[in-house]
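What follows is a single structure, written as structure tokens, with notes after it.
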Amino acid sequence: MGYKWIKTKTTGVRYREHPTRKNGAVKKDRYFTIRYKVNNILKEEGLGWASEGWTEEKAALKRSELREAYRTGVGSTTLKEQRERSAKEKELSAQKEAENQKLNITLNDFYNNYFKNIAYNNTSERTFKSESGFYKNWLEPNLGNLPIKDISLINLENLKALMIKENKSPRTINYVFGILSQILSYAKKIGYLKGDIITQQMKKIKFDNSRVRFLTKEEAKILLDALRKYSQQLYEISLLSLYCGLRAGEIFNLCWSDIDLQNKIITLRDTKNTKTRIIYMPDNIYKMLLHKSINQKKSSLLFLNKDGNKVKGVSHAFAHVVDILKLNEGVKDIRQKVVFHTLRHTYASWLAQMGTDLYVVQQLMGHSSFAMTQRYAHLSPETLKKAVNNFEERILK
């Protein structure tokens, strides 16, 4: 059954009454519409119920507003256009508000909601734990409540001054600001930061972090023997670093397809400087890998953790064995401490002491620049002396 439309005293306004719903105690609820012409076409559009606030007077005003818009060409000429424009404005307003909230996110909120999972999935467990600790100790309490966009150079300088006051090493200070730089770079990448990354305006503290300590042959033997008793795999990993100069990450990435036992060659792919590097095995490495190839259940990787997955970091057992042997007893300078990287440094140092050309050392070590290799020059004085003697003999005589 159709509803009966009731004309009002106002031109172009009419309503129908709801059969059961009341607007107040007595009156039936009324639904108002307006009728008007657009381009000589009669249109009728519904406004709403009296219970929603519509009255005959409001309906007349809305009709007059639309007719005036049609007459002047300014504004929406129909309710549909008005509603679409209103919806669009609300949408744009909501987008603007969301963008404002996005750009006002604090460092702590961004780190915990967006960056933390990315860092966990793209770094080793040990690195993640270390960097999370630095964040919690320094960045969270000093910069965490600031919106990312408001972190200023003065904030960074104040934090640096605080860390210096707390006697933190230049390496630690640079590391903390390196973590912040990674966070801000990711924030910019996914649209949470506009403009420059403020850490790029801050100068790093310059310091010499080059490893100085290298092992004697006697120390190396004692360390390897102790590691072998503790863990065969840790011993093998250490052997590769000491006698081939491999980085820990390069060792963990090794696949059996990279091992050529027939020609005694190890191929390192996707290294730190992104270049492929060829390593020639000394006899002790050849024998170790040959024995391993016979006895290890075949998998793509040479070394697996206890769960059968890729090794992500050097076992804490290495530092434990070093402590037992007291190799770092009384050592304060971090550059003098024996760590896993000392094995690679020892390999290069031994090569230099043997008179190996430093260019050859650079190639074997996979250094991206010769400057990194030059620090071993002082270990090969006989090579330099021999070069001068050859020059004197062939040129000056």
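None of these values were measured; they are calculated from a predicted model.
One distance of note links OG1 of T11 with OH of Y36; it measures 16.0 Å at 0.5 Å rounding.
For F110 and F115, the ring centers sit 6.0 Å or farther from each other.
Between K43 and T78 the shortest side-chain heavy-atom distance falls below 4.5 Å. Two residues are said to be in side-chain contact when any heavy atoms from C-beta on lie closer than 4.5 Å; R16 and R30 fail this criterion. Put simply, the side chain of P147 does not reach to within 4.5 Å of the side chain of I105, judged on heavy atoms. When side chains are defined from C-beta on, L240 counts as touching I266, because their heavy atoms get closer than 4.5 Å.
If you chain together hydrophobic residues whose side chains sit under 4.5 Å apart, I6 and W54 fall into the same group. Taken together through direct or relayed side-chain contacts under 4.5 Å among Ile, Leu, Val, Met, Phe, Trp and Tyr, M163 and L146 form part of one hydrophobic cluster.
Here K292 pairs with E236 in a salt bridge; the nearest charged N to carboxylate O distance falls below 4.0 Å. Between K9 and E56 there is no salt bridge, since none of the side-chain N atoms of the basic residue sits less than 4.0 Å from a carboxylate O of the acidic one. The residues D225 and K221 are annotated as salt-bridged, a charged nitrogen and a carboxylate oxygen being separated by less than 4.0 angstrom.
With 3.5 Å as the limit, one finds a donor-acceptor pair spanning the side chains of T172 and S169. Judged purely by distance below 3.5 Å, without hydrogens or angles, the side chains of Y135 and N112 never pair a donor atom with an acceptor atom.
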CA sep, side-chain torsions, deciding dist, call: E131, Y175, side chain to side chain donor-acceptor pair (under 3.5 Å): CA-CA 9 Å; E131 293 184 352; Y175 195 18; 3.1 Å; yes
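Every residue two or more places apart in sequence or in another chain that forms a ring-ring contact (aromatic ring centres under 6.0 Å, His included) with Y31 is listed here: W49. In this view, D196 and Q201 satisfy the side-chain contact (heavy atoms from CB on, under 4.5 Å) rule, not counting sequence neighbours.
Checked by atom type and distance alone, the side chain of T72 pairs as donor or acceptor with a backbone atom of E68 at under 3.5 Å.
Between I198 and S152, the closest heavy-atom pair is CG1-C, 3.9 Å.
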Expected list for residues 176-189: side-chain donor-acceptor pairs under 3.5 angstrom, two or more places apart:
from	atom 1	to	atom 2	distance (Å)
S181	OG	T199	OG1	3.3
S185	OG	S181	O	2.8
K188	NZ	G195	O	2.8

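Using a 30° and 60° split on the angle between ring planes, Y192 and Y114 fall in the tilted class, from 30° to 60°. Relative orientation of the F32 and Y15 rings is tilted, given thresholds of 30° and 60° on the angle between their planes.
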